[in-house]
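Every chain is numbered from 1 and lettered A, B, ... according to where its sequence line falls, protein lines coming before strand lines.
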Protein chains: 2
Amino acid sequence: MAGIPDSVTMTALSHPAAPGPAGTPRPRTGRPTMAQVAEAAGVSPKTVSRVINGEPGVVATTAERVERAIAQLGYRHNHAAASLARGRTQDTVGLVIEGIAGRFYAELASGVEEVARAHGQQLLIASSEENPDRERETILALASRQVGGIIVVPRSGDHRYLRTELRSGLAVVFADRPPQRIKADYALVDNVAGAREGVTHLLRQGHRRIAFIGNELAVATSADRLEGYRQAHRDAGVDVDPALVVLGPTDVPSTEAALTRLATLPDPATAAFTQNSRLTMGAWRAIKQLDRPVALVGFDDFDLADVIDPPVTVVAQDPVELGRRAMHLLLRRIAHHNARHHHDILPTRLVVRGSGEIPPPRR
Amino acid sequence: MAGIPDSVTMTALSHPAAPGPAGTPRPRTGRPTMAQVAEAAGVSPKTVSRVINGEPGVVATTAERVERAIAQLGYRHNHAAASLARGRTQDTVGLVIEGIAGRFYAELASGVEEVARAHGQQLLIASSEENPDRERETILALASRQVGGIIVVPRSGDHRYLRTELRSGLAVVFADRPPQRIKADYALVDNVAGAREGVTHLLRQGHRRIAFIGNELAVATSADRLEGYRQAHRDAGVDVDPALVVLGPTDVPSTEAALTRLATLPDPATAAFTQNSRLTMGAWRAIKQLDRPVALVGFDDFDLADVIDPPVTVVAQDPVELGRRAMHLLLRRIAHHNARHHHDILPTRLVVRGSGEIPPPRR
DNA sequence: CTGAAAGCGCTTACAG
DNA sequence: CTGAAAGCGCTTACAG
C-alpha cells in the first residue's frame with residue numbers, strides 16, 4: 001500500500017458519494033451523472049454525451065472542458081442507462097455453458113472471447129451448472145440484461161422457450177450441440193465421423209469386441225458418437241454387442257468400474273472407445289489395473305495423453321476454433337436477423353499414439 | 001425440428017415485434033413492455049410490476065389476469081430498466097479473470113458460482129486475456145453494466161484506478177492475488193508457506209541445488225512462492241544460488257528448455273520446484289529426456305500427476321474453495337460497505353507421490 | 001457547433 | 001388492494 005496513508009482510504013470509505021456541484025441533485029447510485037458533468041463543464045448533457053461517445057462536431061476547447069470535468073468528478077458512464085435509451089444493447093454478447101470447469105468449455109470460451117474482442121464486443125459468460133432448468137434461467141437472465149446475442153452450449157431438452165426471445169430480436173447461436181425443436185445457427189464438431197474414425201482404428205487392429213462408454217443419449221454429442229461407433233461396425237461388417245455399450249458414467253470412478261466389468265465378462269471387451277476425456281482417463285486407470293491389455297481410443301485430447309504408459313490414441317477436436325466459429329455465426333446473426341440459418345461442422349483429427357498398438361489377445 | 005412447420009419459423013422471423021394492443025406504442029426493442037401487459041390485463045403498470053416482483057397485496061384474480069397477459073404477449077422483464085429505476089443493480093455480480101482456459105481459473109470460477117447461486121446472485125464472468133490494460137477495461141466494462149460487486153483475479157500493476165468505483169459504492173474483492181496500492185478484501189492461498197513446505201521436502205532428501213522456475217515477479221503469487229523457496233533454504237542453512245532461479249517461462253517448451261539448461265550446468269540442479277502446473281508439466285517432460293534423475297515438486301496439482309512415471313509430488317491448493325471464500329467476502333462487502341477489510345488465507349497441502357524419492361546423486 | 005424536450009422501460013413514494 | 005405521477009441516467013430527433 002505504498003504511498004497511500006490509511007486515512008485517505010478511510011475517508012473515501014466513509015463518504016461513498018462524490019459531492020455533486022451545487023444545484024444538481026446527487027444521483028441515487030452515488031456516482032456522478034452526465035448532468036453533473038455538464039453543469040461542471042458549463043455545457044448541456046447532450047454535449048457531454050457527444051464527447052463520451054466520440055460523436056463529431058464538438059469543438060476541441062469544449063471537449064477538453066468536458067474531459068476535465070469527467071476526470072475531476074470521476075464520472076463513469078452508465079452503460080445500462082445508455083442501452084435503455086438506445087433501445088438496444090451495444091457491444092455485449094453472452095455465452096451460456098453448463099459449467100466453467102473442464103478444459104473443453106474453457107477453450108471454447110477462449111475462442112469465443114478472442115473473436116468477440118476483435119470485434120469490440122464485451123463477452124459475458126454465465127454458467128448453468130449442468131442443470132437443464134438452470135440453463136433456461138441462465139439464458140433468460142442474460143437476455144434480460146440486454147445483451148445483443150447469446151451463444152448457448154445446450155445440455156439437452158427442448159429449446160422452444162427461446163422462440164419468444166428470437167421473435168423479439170435476440171440473436172442466438174448454439175455451439176457443440178444443436179438446438180432441439182427450434183431452428184437456429186450452430187457450430188459443431190463432426191461427432192459421427194470422428195467416432196467412426198476412432199472406432200475403425202480399433203477394428204483395423206483386429207478388435208471385434210469394442211466397448212463404448214458414454215453419457216446419457218439425451219446429450220446430442222453422445223448420441224452422435226454412438227452413431228459413429230455403430231457406423232464403424234457396420235462398415236466393417238461386425239455386429240455390435242449391446243452389452244458392450246454403457247451409457248451413464250460421468251466421472252472417473254464410475255468409468256473405472258464400468259470398464260473393469262466389461263473387460264472381465266466371460267466374452268470380454270478387448271478394446272474401448274470413450275466419449276470424452278474424463279471418461280478416457282477413468283478407462284485408462286481401470287486398464288492399468290487389469291492383468292491383460294485393453295486397447296483404448298478416446299474422444300477429445302488431454303494433457304499428458306502422450307506420456308502416460310500406455311499412451312492414448314485420441315480423436316482430437318479443436319474447441320478454440322469451435323468457439324471462434326460460433327462467435328462468427330453470432331456476429332452474422334446480429335447483423336442480419338433474417339438471414340438463413342448456417343451450420344458449421346468442424347472436422348476431427350485422429351491422433352495415433354503408441355508405437356506398439358494393442359491387438360486383441362489370441363484365444 | 002419435429003412439430004415445427006417451417007412456415008411458422010419464417011413468419012416469426014419476418015415479424016420481429018409482437019403487435020401490441022391498440023393504443024400502446026410498440027416498444028423500440030421489439031418486445032412487449034409492462035405497459036402493454038398492463039393494458040392487455042386491464043390494470044396499471046404498477047400492478048404488473050407487483051406481480052412480477054412478487055410484491056404482496058395483489059388479489060389472486062388480478063394476479064392471474066396479469067400472468068395470463070404476460071404469457072400471451074411473451075413479456076420478458078427488462079432487468080436493465082429495472083435496475084436503472086431502482087438506482088442499483090439487483091442480484092448480479094461479476095468475476096474478472098485473466099483467461100478462461102486453465103484448470104485453476106475454471107475451478108475458482110465454479111466455486112464463486114456455487115456460492116453466488118446459493119445466494120440468488122447471477123454471476124457474469126469476463127476475461128481480460130492476460131493483458132493488464134484489458135484488465136482495467138474489463139473491470140470498468142462490468143462496473144458500467146451495473147453489477148453489484150466484482151471479484152478480480154488481478155494480473156499485476158496498480159489498482160488505484162478502482163478508487164473511483166469503490167468510492168461510488170462498488171464492492172470489489174480480490175482473489176488469488178492481493179490488490180496493489182489500494183486496500184480491499186482478498187482471498188489467497190498461503191503461497192509462502194506452501195512453497196516453503198514443498199522446497200523443504202526436497203532439502204530433506206538431501207538436495208542442495210534446487211532450481212526455482214516461475215513467472216515474472218510482478219505477479220504476486222510468483223514473488224510469494226519465491227519467498228517460500230528462499231525461506232526454506234534459510235531454515236535449512238543452505239545458500240540459494242541465483243543462477244538456479246529462472247523467472248519467465250510461461251509455457252511447456254520454454255520450461256523444458258530452462259530445466260534442461262539448469263540440469264546440465266557444470267554444477268547442475270539436482271531438483272526443481274515449479275510454480276504452477278503448466279511449468280511442472282514442462283519440467284517433467286524435460287526431466288524425462290535427461291540421462292540422470294532430477295527430483296521435482298510442483299505448486300498446484302494436476303490430472304494424472306499420480307500415474308505418470310515418475311509421479312509428481314505437489315503442493316496442492318483448493319481453487320474451488322478459494323472461489324467460495326472470495327464470493328463470501330463479496331457478499332459481506334455488498335451488505336456492509338464500510339466494514340473493515342478482511343483477508344482470507346487458505347492453507348496448502350503437500351501431496352507426496354512416488355515411493356522411491358529421488359535423492360541427489362553422489363559425486 | 002450546441003441545446004431543450006421527450007422518451008427508453010421500469011420502480012419509488014405517495015395517494016386513495 | 002390499486003393507480004397516477006415523477007424520475008432513474010442516458011440518447012434520439014429536432015431546432016437553432
Q. E55(A) CD to dC10(D) P: how many Å, rounded?
A. 14 Å
Q.
Rounded to whole Å, how long is the line connecting atom NZ of K46(B) with atom P of dC10(C)?
A. 13 Å
Q: Compare the minimum distances between each of dT2(D), dG3(D), dT12(D) and the side chain of V58(B), then state the nucleotide with the smallest one.
A: dT2(D)
Q. Between R177(A) and E98(A), is there a side-chain N and carboxylate O pair less than 4.0 Å apart?
A. yes
Q) Atom CZ of R145(B) to atom P of dC8(D): distance rounded to whole Å? A) 23 Å
**Q.** Interatomic distance, M34(B) CE vs dG9(C) C1' [rounded to whole Å]
**A.** 8 Å
Q. Using a cut-off of less than 4.0 Å, is there contact between a side-chain N or O of T33(A) and OP1 or OP2 of dG9(D)?
A. no
Q. Looking at R117(B) and E137(A), does any basic side-chain N land under 4.0 Å from a carboxylate oxygen?
A. no
Q) Counting side-chain heavy atoms from CB outward, which of dG3(D), dT12(C), dC10(C) is closest to A82(B)? A) dC10(C)
Q.
Checking the side chain of H337(A) only, and the main-chain atoms of G169(A) only, is there a donor and an acceptor separated by less than 3.5 Å?
A. yes
Q. How would you label the contact of T62(B) with the nucleic acid (heavy atoms, under 4.0 Å): base, sugar-phosphate, or nothing?
A. sugar-phosphate
Q. In terms of side-chain heavy atoms, does R145(B) have a donor or acceptor partner in T92(A) at a distance below 3.5 Å?
A. yes
**Q.** Residue T47(A), side-chain atoms from C-beta onward, closest of dT11(C), dG3(D), dG3(C)
**A.** dG3(C)
Q. Starting at the 5' end of DNA chain C and moving along, which residue's nearest nucleotide shows up first, T61(A) or R76(B)?
A. T61(A)
Q: Among the candidates dT11(D), dC1(C), dT11(C), find the nucleotide nearest to the side-chain atoms of V59(A).
A: dC1(C)
Q.
Whole angstroms only, please: what is the CG-P distance between N78(B) and dC8(C)?
A. 12 Å
Q: Write down the distance between CD (E39(B)) and P (dG3(D)), rounded to a whole number of angstrom.
A: 13 Å
Q: Using only heavy-atom distances, decide whether a donor-acceptor pair under 3.5 angstrom links the side-chain of R50(A) to the base of dG3(C).
A: yes
Q) Can you find a pair of side-chain heavy atoms, one from I151(A) and one from M327(A), that are under 4.5 Å apart? A) yes
(Q) So for atom CD, which belongs to Q72(A), do other residues, nucleotides or ligands contribute more than 12 heavy atoms lying within a distance under 6.0 Å? (A) no
Q. Whole Å only: how far is the CG atom of L73(B) from the P atom of dG9(C)?
A. 14 Å
Q: Would you mind classifying the nucleic acid contact of H79(A) as base, sugar-phosphate or nothing, using non-hydrogen atoms under 4.0 angstrom?
A: nothing
Q | Distance below 4.0 Å between S44(B) side-chain N/O and dT2(D) OP1 or OP2 | A | no
(Q) Let's see if you can work this out: which of dC10(D), dG3(D), dC8(D) has an atom nearest to the side-chain heavy atoms of L84(B)? (A) dC8(D)
Q: Ignoring backbone atoms, establish whether R86(A) has a side-chain N or O less than 4.0 Å from OP1 or OP2 of dC8(C).
A: no
**Q.** Minimum-distance nucleotide (side-chain atoms of A81(A) versus dT11(D), dG3(D), dC10(D))
**A.** dC10(D)
Q) For dC1(C), what is the paired nucleotide under Watson-Crick or G-U wobble rules, both distances under 3.5 Å? A) dG16(D)
Q) Between Q36(A) (CD) and dC10(D) (P), how many Å, whole number? A) 9 Å
